[in-house]
> 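Below you will find the structure I want to go over with you.
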Amino acid sequence: GGETTGGETGDFPSVPSELSITDAYAVAGGTVTVSVNLYNADPYVGWQFNSTWDSTWFTMLSTAEGAHFDEWDGFLADSVGGVPIGDSSGGSTDATDTGDVRFIAVSISGSVVDPMYGSVVDIELDVASDTPAGTYELGLHTATIATAAAESLPLITTNGWLHVSEGPPP
């Protein structure tokens with residue numbers, strides 16, 4: 001705050017951070033890994049979001065920590081309807097994949113991740129063998145990113161697309 005522009009003094013909002021899903025290509029009957037990426041414009045200590053897909057055709061097989069975890073001591077957990085399905089400590093519990101999974105990460109020590117771009121979660125999906133060729137939305141919702149003072153930062157979400165073919169991916 002306190003910056004001056006055009007003769008006015010005041011606080012200016014941060015540049016928004018962006019959470020996005022990378023477009024991916026898959027073959028019916030195969031598997032695909034999609035990355036959820038974060039550009040954090042400001043340091044953060046935690047985030048959460050839901051990722052969605054069409055559970056008629058796609059089933060989550062596994063999740064893995066992305067590059068952001070190389071920078072801090074965060075702990076990743078995911079759940080379906082509040083039932084834990086895995087965490088970065090290797091634990092897992094059976095839960096039904098509804099195609100709407102919540103991911104949460106928080107710093108264990110309170111350390112922050114300085115501004116960077118990279119994957120926060122990699123999601124491996126099974127593509128049903130009878131999946132029609134086409135393009136399917138990979139969604140994000142209920143997303144937030146927080147500072148060490150537990151304040152929410154401005155955040156934009158961008159959905160991705162999963163392109164399914166009957167032959168090898170392009």
> Pair up each side-chain donor or acceptor in residues 148-158 with any protein partner under 3.5 Å, not counting sequence neighbours, and list the distances.
unit_1, atom_1, unit_2, atom_2, d
Ser152, OG, Thr144, OG1, 3.4
Thr158, OG1, Glu18, OE2, 2.6

> Do Leu125 and Leu61 have side-chain heavy atoms sitting under 4.5 Å apart?
no

> Evaluate the criterion side-chain contact (heavy atoms from CB on, under 4.5 Å) for residue pair Thr131 and Glu166; output intermediate values, then yes/no.
CA-CA 9 Å; Thr131 303; Glu166 293 178 6; over 6 Å; no

> For Leu162 and Ala26, which heavy atoms make the closest approach, and how far apart are they?
CD1-CB, 4.0 Å

> For residues Tyr136 and Trp161, determine if any side-chain heavy atom of one lies less than 4.5 Å from a side-chain heavy atom of the other.
no

> Could you check Met60 against Glu124 for side-chain contact (heavy atoms from CB on, under 4.5 Å), going step by step and ending with a plain yes or no?
CA-CA 6 Å; Met60 186 173 71; Glu124 184 182 21; over 6 Å; no

> Honestly curious: do Leu19 and Val45 fall in one hydrophobic cluster under the side-chain, below-4.5 Å linking rule?
no

> Can you give me the closest heavy-atom contact between Pro115 and Ala41, atom names plus distance?
CG-O, 3.4 Å

> What pairs with Ser111 under side chain to side chain contact (heavy atoms under 4.5 Å, CB included), at least two apart in sequence or on another chain?
Trp72, Asp73, Ser107, Ser109

> In terms of ring plane angle, is the pair Tyr25 and His163 parallel, tilted or perpendicular, where the classes change at 30° and 60°?
parallel

> Do Val106 and Trp47 touch side chain to side chain, with heavy atoms closer than 4.5 Å?
no

> Is there side-chain contact between Leu138 and Asn159, with heavy atoms separated by less than 4.5 Å?
no

> Between Asp100 and Trp53, does a side-chain contact (heavy atoms from CB on, under 4.5 Å) hold up when you go through it step by step?
CA-CA 7 Å; Asp100 190 347; Trp53 50 82; over 6 Å; no

> Using side-chain contact (heavy atoms from CB on, under 4.5 Å), reason through Val127 and Val164 one step at a time and then give a plain yes or no.
CA-CA 8 Å; Val127 182; Val164 176; 4.2 Å; yes

> Any heavy-atom pair between the side chains of Phe103 and Thr63 that's under 4.5 Å?
yes

> For residues His68 and Met116, determine if any side-chain heavy atom of one lies less than 4.5 Å from a side-chain heavy atom of the other.
yes

> Could you pull out the closest heavy-atom pair between Glu65 and Asp122, with the gap in Å?
O-OD2, 4.2 Å

> Begin from the C-alpha positions of Ser35 and Asn37 and carry the test side-chain hydrogen bond (donor to acceptor under 3.5 Å, both in side chains) through to its verdict.
CA-CA 6 Å; Ser35 294; Asn37 300 298; 4.9 Å; no

> Testing the basics here: between Ser165 and Ala133, what is the closest heavy-atom pair and its distance to 0.1 Å?
CA-CB, 4.3 Å

> For Ala28 versus Ser129, what's the shortest heavy-atom pair and its separation?
CB-O, 3.7 Å

> Through direct or indirect side-chain contacts below 4.5 angstrom among Ile, Leu, Val, Met, Phe, Trp and Tyr, which residues connect to Tyr39?
Tyr117

> If we only count heavy atoms from C-beta on, is the Phe49 to Ile145 side-chain gap below 4.5 Å?
no

> Mind listing the closest non-hydrogen atom pair of Asn40 and Pro43 along with its distance?
ND2-CA, 4.3 Å

> Is the closest side-chain heavy-atom distance between His141 and Thr52 below 4.5 Å?
yes

